[in-house]
Each structure stands twice: as C-alpha cells, then as structure tokens.
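To start, the structure itself, in structure tokens.
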Amino acid sequence: MTTLAELKLGQTARIVEIDGDDAVAVRLMEMGLTDGEPIQVVGFAPLGDPIEFSLRGYRISLRSTEAARVQVELD
C-alpha cells in the first residue's frame, strides 16, 4: 500500500484508511476522505506542497503531511 503523498500527477487510487484518531484524522474524514472512495491527483503547488485532489466531484488541497496519513490502494 501507499499514501496519497506518494502518488504522481494523474494517478487514481482508492482510500483504504486514515492513520490516527486525532482531530486531523477526523477532519479528513469529515471532508469526504472515507474508506473505499476513489481519489485522483490533479495538481501540485509550485513547490510541491499542497497537493490538489479530485474526490466526490469536487477538488480538495491537502498538505503533504496530511496526505501522508491517508493509505490508498492504486487502481
């Protein structure tokens, strides 16, 4: 398995789990990052952080540290 932070531009994956049970993990789940949901990398900021993803018909930007907490399975 890999994390969202390790994906390349255009790659699609399916969310497996979010590491941790703190406020950040809860916020990620509230933003729609739930088990089984497909997600795609659509862009990077000029310095590589944050990373932009497409999920559930909308776009979301996550810091690399947040994206590293989301375990995914490549499609």
Side-chain angles (χ1 to χ4, degrees):
M1 257 190 281
T2 187
T3 67
L4 283 181
E6 298 172 46
L7 297 180
K8 307 294 182 211
L9 184 64
Q11 278 190 302
T12 302
R14 191 165 300 277
I15 297 171
V16 175
E17 71 175 319
I18 297 176
D19 294 336
D21 59 356
D22 60 354
V24 174
V26 171
R27 184 171 58 96
L28 291 171
M29 286 186 273
E30 289 173 346
M31 293 184 335
L33 282 81
T34 56
D35 296 353
E37 195 63 37
I39 190 166
Q40 180 181 26
V41 179
V42 294
F44 292 90
L47 297 177
D49 193 17
I51 307 166
E52 186 177 11
F53 300 95
S54 177
L55 168 79
R56 295 179 182 254
Y58 65 92
R59 291 184 176 199
I60 184 171
S61 292
L62 298 176
R63 296 182 191 116
S64 294
T65 55
E66 296 168 336
R69 297 181 64 175
V70 182
Q71 299 290 323
V72 296
E73 195 173 69
L74 295 175
D75 281 348

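Computed from a predicted model, the values in this text were never measured in an experiment. All residue numbers in this chain count up from 1 along the given sequence.
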Under the side-chain hydrogen bond (donor to acceptor under 3.5 Å, both in side chains) test, which residues partner [X], sequence neighbours left out?
| X | value |
| --- | --- |
| Thr12 | none |
| Thr2 | Glu6 |
| Asp22 | Arg69 |
| Ser54 | none |

Salt bridge (Lys or Arg N to Asp or Glu O under 4.0 Å) pairs, two or more places apart, involving residues 40-51: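 Checked against salt bridge (Lys or Arg N to Asp or Glu O under 4.0 Å) - neighbours excluded - no pair reaches residues 40-51.
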Quick check for you: to the nearest 0.5 Å, what is the distance between Glu37 atom CD and Arg14 atom CZ?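 Result: 7.5 Å between the selected atoms.
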With sequence neighbours excluded, give me every side-chain hydrogen bond (donor to acceptor under 3.5 Å, both in side chains) pair touching residues 24-36.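 Every pair satisfying side-chain hydrogen bond (donor to acceptor under 3.5 Å, both in side chains) with a residue in residues 24-36: Arg27-Glu66, Thr34-Arg56.
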For Ser64 and Gly48, work out which heavy atoms get closest and say how close.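 So the minimum-distance heavy-atom pair works out to OG-O, 4.0 Å.
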How close do Gly20 and Ala25 get, counting heavy atoms only, and between which atoms?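 Distance-wise, the nearest heavy atoms are O-CB, 3.6 Å.
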Checking one residue: Leu74. Which other hydrophobic residues are in its cluster under the side-chain 4.5 Å linking rule?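 Leu4, Leu7, Leu9, Ile15, Ile18, Val24, Leu28, Met29, Met31, Leu33, Ile39, Val41, Phe44, Ile51, Phe53, Leu55, Tyr58, Ile60, Leu62, Val70, Val72, which link up through side-chain heavy atoms under 4.5 Å apart, make up the rest of the cluster.
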So, does Gln40 use its side chain to make a donor-acceptor pair with the main chain of Gly10 at under 3.5 Å?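 Here the side-chain-to-backbone pair exists.
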When you look at CZ of Arg63, are more than 12 heavy atoms from neighbouring residues, nucleotides or ligands closer to it than 6.0 Å?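 Counting neighbours around CZ of Arg63, 12 or fewer heavy atoms of other residues, nucleotides or ligands fall under 6.0 Å, so no.
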Test of understanding: with salt bridge (charged side-chain N to carboxylate O under 4.0 Å, His left out), list the residues that count as partners of Glu52, not counting sequence neighbours.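 In terms of salt bridge (charged side-chain N to carboxylate O under 4.0 Å, His left out), with neighbours along the sequence ignored, Glu52 is linked to Arg59.
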